[in-house]
J.: 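Quick one: the structure is below, questions incoming.
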Amino acid sequence: MEDQNQDQNQQDASSAPITTAPSDNSFGFGAFAPPTTTTPTANDSSDSVAADLSTPELPSSSTPEIEADIDNSTSDDTKSSEADGELLDLKKQALEQLSPLVAHLDQSPEEKFRTTMMMIQASDNQSLIKDAFAAAKEITDDKARAQALLDVINEINYFTQLNSQK
């Protein structure tokens, strides 16, 4: 009689749907996927019932669209580097023409300092640091002068580190 009750309890338990929470997987779908429900069959044992946790199909690593984008980016990079080269050449010419004209600009000491610093940074011309230092010393506002002097020191550090790496 006891064996009959145990068999009946196992049958009732094995025919009830089993709901399992989704497992957390490496694709990050775990917390957002709905629970999976499976109904065991007579051949399933209660210890080996597994939920259907199939993962979504991922695209292959090499598709024609991606390969086409790679080919286009190579030609775009070449065009971009040519355009960059032209822009850098124009910048160099503009800086060469601006240098003798800066003294003719009507600028406050702060503006003169900013212009000189821009020219230093744009051309990596360390010979202009003396001009930037002179303009920084003429700034009347203590806070602005302090910042300008720090900027001069930073530029000197940049050039001395650059020279020591050569």
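These numbers were taken from a predicted model, which means no experiment stands behind them. What's counted below: heavy atoms across the whole structure, side chains too, no hydrogens, waters or symmetry copies.
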J.: Do any pairs count as a salt bridge (charged side-chain N to carboxylate O under 4.0 Å, His left out) and have a residue in residues 120-140, sequence neighbours left out, and if so which ones?
T.: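 Every pair satisfying salt bridge (charged side-chain N to carboxylate O under 4.0 Å, His left out) with a residue in residues 120-140: there are none.
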J.: Please enumerate all residues that pass side chain to side chain contact (heavy atoms under 4.5 Å, CB included) together with Asn163, with sequence neighbours excluded.
T.: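 Side chain to side chain contact (heavy atoms under 4.5 Å, CB included) list for Asn163, sorted by chain: Gln126, Lys166.
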J.: Can you pull out every salt bridge (charged side-chain N to carboxylate O under 4.0 Å, His left out) where at least one residue sits in residues 82-102? Sequence neighbours excluded, please.
T.: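 Counting only pairs at least two positions apart or across chains, no salt bridge (charged side-chain N to carboxylate O under 4.0 Å, His left out) contact touches residues 82-102.
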J.: Kindly compute the distance separating OG1 (Thr116) from CG (Asn125), expressed to the nearest 0.5 Å.
T.: 11.0 Å
J.: Members other than Val152 in its cluster, when Ile, Leu, Val, Met, Phe, Trp, Tyr link by side-chain heavy atoms under 4.5 Å?
T.: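 Members alongside Val152: Leu95, Leu98, Val102, Phe113, Met117, Met118, Met119, Ile120, Leu128, Ile129, Phe133, Ile139, Leu149, Ile156, Tyr158, Phe159, Leu162.
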J.: Could you work out, with side chain to side chain contact (heavy atoms under 4.5 Å, CB included) as the rule, every residue matching Gln107, not counting sequence neighbours?
T.: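 Partners of Gln107 under the side chain to side chain contact (heavy atoms under 4.5 Å, CB included) test: Leu105, Glu111, Lys112, Thr115.
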J.: Output every pair passing salt bridge (charged side-chain N to carboxylate O under 4.0 Å, His left out) with a member in residues 141-164, not counting sequence neighbours, ordered by first then second residue.
T.: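 Residue pairs passing salt bridge (charged side-chain N to carboxylate O under 4.0 Å, His left out), neighbours aside: Asp142-Arg145.
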